Every structure is written in C-alpha cells, then in structure tokens.
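Each remark here refers to the structure printed beneath this line.
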Amino acid sequence: MLHEKEKKLLAKLFGQTVQKRREQKKLLRMDLANRLHMQHTRIVQLESGKIDPRMSTVLAVAAALDVTPGVLLNGMASEWRAARMGEME
C-alpha cells in the first residue's frame with residue numbers, strides 16, 4: 001500500500017509526463033481538454049499533480065495523446081525509482 005506522500009509524488013510525476021507529451025504534440029491544454037471532454041481546469045489540475053487520476057483517466061489521456069498508457073507510465077518510471085531510492089538512503 002502506498003503512503004499519501006508516495007501517492008502525491010506519483011500524481012505529480014504523471015502530470016509532468018502528460019504535460020511533456022502534450023507539449024511534444026504541440027497541443028494546448030484546451031485542445032487536450034476538448035479531446036477528453038473535460039474542463040480546462042481539470043487538465044491544469046492533472047498536469048500539476050493536484051489530482052490522482054483513475055485508471056480510466058490514464059487510459060483516456062493516453063488515447064487523446066495518441067500513445068499507449070505504457071508510454072505515459074514509463075515516462076515517469078525513472079523519476080519514481082530515483083525518488084524511492086533517495087528515501088531508502
């Protein structure tokens with residue numbers, strides 16, 4: 001079971017990964033929001049790590065960015081490992 005601190009870190013890392021992919025695709029937050037049928041503010045919250053997305057959101061965001069969910073999750077994996085290793089030291 002993850003601690004609250006770990007959940008917040010995962011949400012932040014996922015948000016950063018989504019933002020990087022969105023920017024690589026040259027999409028505005030509003031463009032992504034429209035693709036997902038979400039409010040613009042929800043994308044802001046997602047990218048800033050303020051919300052912990054459900055699996056259905058991860059799948060929808062991946063589809064909207066034309067990538068697999070694995071691409072998004074792998075995009076944050078090295079930062080997650082580094083953070084976990086830092087806690088162990």
Side-chain angles (χ1 to χ4, degrees):
M1 188 74 152
L2 294 175
H3 295 37
E4 195 61 32
K5 183 179 175 182
E6 293 171 314
K7 289 179 184 179
K8 287 181 180 182
L9 176 60
L10 281 173
K12 179 181 173 184
L13 293 174
F14 182 76
Q16 290 172 347
T17 302
V18 169
Q19 182 177 0
K20 285 178 197 172
R21 284 289 170 172
R22 177 184 57 76
E23 290 172 350
Q24 287 173 352
K25 299 275 185 182
K26 304 210 183 308
L27 294 172
L28 300 173
R29 285 185 177 128
M30 187 61 77
D31 298 329
L32 183 56
N34 289 337
R35 287 183 178 195
L36 293 167
H37 306 288
M38 288 183 175
Q39 295 288 328
H40 172 264
T41 54
R42 193 77 170 152
I43 301 303
V44 172
Q45 292 172 329
L46 179 71
E47 289 186 351
S48 64
K50 301 247 188 285
I51 57 173
D52 186 6
R54 295 177 182 215
M55 184 57 68
S56 58
T57 302
V58 172
L59 296 173
V61 169
L65 293 173
D66 299 317
V67 297
T68 64
V71 168
L72 295 179
L73 297 175
N74 287 333
M76 58 187 262
S78 61
E79 289 87 353
W80 171 250
R81 280 191 296 275
R84 298 277 302 193
M85 292 303 291
E87 289 177 3
M88 294 178 167
E89 294 176 359

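Predicted model only: the values in this text are computed from it and were never measured.
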> Do Ile51 and Thr57 pass the side chain to side chain contact (heavy atoms under 4.5 Å, CB included) test, and can you show the C-alpha distance, the side-chain angles, and the key distance before you say yes or no?
Replying inline: CA-CA 11 Å; Ile51 57 173; Thr57 302; 6.0 Å; no
To the closest 0.5 Å, what do you measure between [atom1] ([X]) and [atom2] ([Y])?
X	Y	atom1	atom2	answer
Leu9	Trp80	CG	CH2	5.5 Å
Asp52	Glu4	CG	CD	8.0 Å
Lys50	Lys8	NZ	NZ	10.0 Å
Arg22	Glu47	CZ	CD	4.0 Å
Leu65	Arg21	CG	CZ	8.5 Å

> When Thr17 is tested against each of Leu73, Leu72, Val67, Val61 for side chain to side chain contact (heavy atoms under 4.5 Å, CB included), which residue passes?
Replying inline: Leu72
Please output the side-chain donor-acceptor pairs of residues 33-46 that fall under 3.5 Å, not counting sequence neighbours, one pair per line with the distance.
unit_1: Asn34; atom_1: ND2; unit_2: Met30; atom_2: O; d: 3.3
unit_1: Arg35; atom_1: NH1; unit_2: Ala64; atom_2: O; d: 2.6

> Are Leu13 and Val71 connected in a single hydrophobic cluster, I mean Ile/Leu/Val/Met/Phe/Trp/Tyr linked by side-chain heavy atoms less than 4.5 Å apart?
Replying inline: yes
>> Could you walk me through whether Leu10 and Phe14 satisfy the side chain to side chain contact (heavy atoms under 4.5 Å, CB included) test, starting with their C-alpha distance in whole Å, then the side-chain angles of each, then the deciding distance to 0.1 Å, before giving a yes or no?
In response: CA-CA 6 Å; Leu10 281 173; Phe14 182 76; over 6 Å; no
